Amino acid sequence: MTSATTTPNETQAEHDVRNLHAHGGKKIAPGEIAIGVIIGRTSEFFDFFVYAIASCIVFPAHVFPYLSPLMGTLWSFAIFALAFVTRPIGSFIFMAVDRAYGRGVKLTIALFLLGGSTAAIAFLPGYATIGHGSALLLALFRAGQGVALGGTWDGLASLLSLNAPQGKRGWYAMMPQLGAPLALIVAAGLFAFFLSTLSSADFLSWGWRYPFFVAFAINVVALFARLRIVVTEEFSRLYETRELQPSPVIPTIRSEGRNIVIGAFAPLASFALFHMVTVFPLSWIALYTDQPLERFLVIEAIGACVGLLAIIVSGFVADMIGRRRLLGYSAVGIGFFAVAAPLLLNGGDLGEVAFMVLGFILLGLSFGQSSGVVASNFRTATRYTGSALTSDLAWLVGAGFAPLVALAISAEFGLAASGAYLLSGAVVTGFALFVNKELAGKDR
């Protein structure tokens, strides 16, 4: 079959996208699945971190200057959560697009919407220019990002997991998670550079906008890198033989609701820690200390390098002791860290470094294996859609409101409250892993 041939049940739009990215019959090496996954996740996480950092150090002054710094940050975090609320809506919409027009068409529309929404934030006028309209536009663009993220699910992570050799599932499971520390290193580095080279006035006027332009460029690169894989005939056959086809959302929820919920709560400890070492401490430093923000962003970038190595280590460890057991041990470690975290974050320069290094080590070990921990529980007919919905719910429950809740309770009750919040995530993860007994037999 040549690239010019339309396969059965293939729409003309999907056929056109396939021809645009044809390889001239050249087969793609299996390792390109992993490359596509890492590129895709890096672009998504970069959007996440650019917006999150701006929520801490830009939007309170640019969009909410009439509020106190604390209230401005809390409102920024409330808008931050909109993307996670609208993400399931995007999945519902784009799964229908996938069934009607094909995976390539869906991915193209979703990534252009994501890039467009991100670039639009770069042009956002402030409160001084259009008043409360600034917050409304920011909320609209953030919601657009969320809808788009619901459509960026390409099934490559599931395909990677299903094609993993026996005894190597932990190694392949950690690959999608490498995108998070890679994105944080670049995002934190960009903001640190502009903060250190520009005056405060210039940074708040135009300097903060450049990372959003970079995010748009990365999304475009990610689009073509992923389309080059997912629309080829070879990978289309892999999707079909693995039965990774979109199923209707509502019937999938009815039949797989239990697995979706368990899958969303199993990684809660790592998601809570994810924010405790990235978004939350930056907001705390910005609000309650006089430290240069660029200095702490550099510390975060160094911590992300440690986390990157820890994610890689998690692949080896999971293959030795099992993913479920590693997640359980990590949850216990996060529970102990939750007790010490407030003391470390409030313990001066050395304490902050220790907080970041220890936090990122635990984050790498847990987050590295948190992707799709119950994917093997889904029936083949619903695995593609079920995995997407599980990811949406996991980010909504574990990530969407985490910065808002952690900052609000810490401002009211002190840093110890943030430790209690993190501890609750560890407890929920332990309970979800205990309930999901099938995982022990299916994925070690």
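Note: hydrogens, waters and symmetry copies are ignored here, and every other heavy atom, side chains too, is used. Treat the numbers as computed from the prediction; the structure is a model and nothing was measured. Quick note: residue numbers are just sequence positions, from 1.
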A side-chain contact here means heavy atoms from C-beta on lying under 4.5 Å apart; do [X] and [Y] qualify?
X      : Y      : result
Leu182 : Phe46  : no
Val58  : Val63  : no
Leu389 : Ser91  : yes
Pro60  : Ser76  : yes
Ile185 : Cys305 : yes

For this session: Give a yes or no on whether Tyr210 atom OH has more than 12 heavy-atom contacts from other residues, nucleotides or ligands under 6.0 Å away.
Result: no
Problem set entry | Whether over 12 other heavy atoms sit under 6.0 Å from Phe45 CZ | yes
Exercise. Roughly how far, to the nearest 0.5 Å, is CG of Leu111 from CG of Asn219?
Worked result: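 Here the interatomic distance stands at 6.5 Å.
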Problem set entry | Mutual orientation of the aromatic rings belonging to Phe77 and Phe80 [parallel < 30°, tilted 30-60°, perpendicular > 60°] | perpendicular
Problem set entry | Whether Phe355 and Phe337 hold their rings parallel, tilted or perpendicular, with breakpoints at 30° and 60° |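 Ring orientation of Phe355 relative to Phe337: tilted.
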Exercise. When the aromatic ring centroids of His132 and Tyr127 are compared, is their separation below 6.0 Å?
Worked result: yes
Exercise. Do Phe431 and Phe265 have their ring centres less than 6.0 Å from each other?
Worked result: no
For this session: Verify the distance criterion only: is there a donor paired with an acceptor across the side chains of Glu256 and Thr382 at less than 3.5 Å?
Result: yes
For this session: Scan side-chain atoms only and decide if Ser247 and Thr252 contain a donor-acceptor pair under the 3.5 Å cut-off.
Result: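 Note: Ser247 and Thr252 side chains meet the donor-acceptor criterion.
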For this session: Assess Arg209 against Phe123: is NZ or CZ under 6.0 Å from the centre of the six-membered ring, and within 45 degrees of the ring's axis?
Result: no
Side-chain donor/acceptor pairs under 3.5 Å, residues 268-284, sequence neighbours excluded:
residue	atom	partner	partner atom	Å
Ser270	OG	Pro267	O	2.8
His275	ND1	Phe271	O	3.2
His275	NE2	Ala399	O	3.4
Thr278	OG1	Phe274	O	2.5
Ser283	OG	Phe280	O	2.6

For this session: Determine the sole option in Thr86, Asp47, Thr118 for which the side chain to side chain donor-acceptor pair (under 3.5 Å) test with Gln145 is passed.
Result: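 Single side chain to side chain donor-acceptor pair (under 3.5 Å) partner of Gln145 among Thr86, Asp47, Thr118: Thr118.
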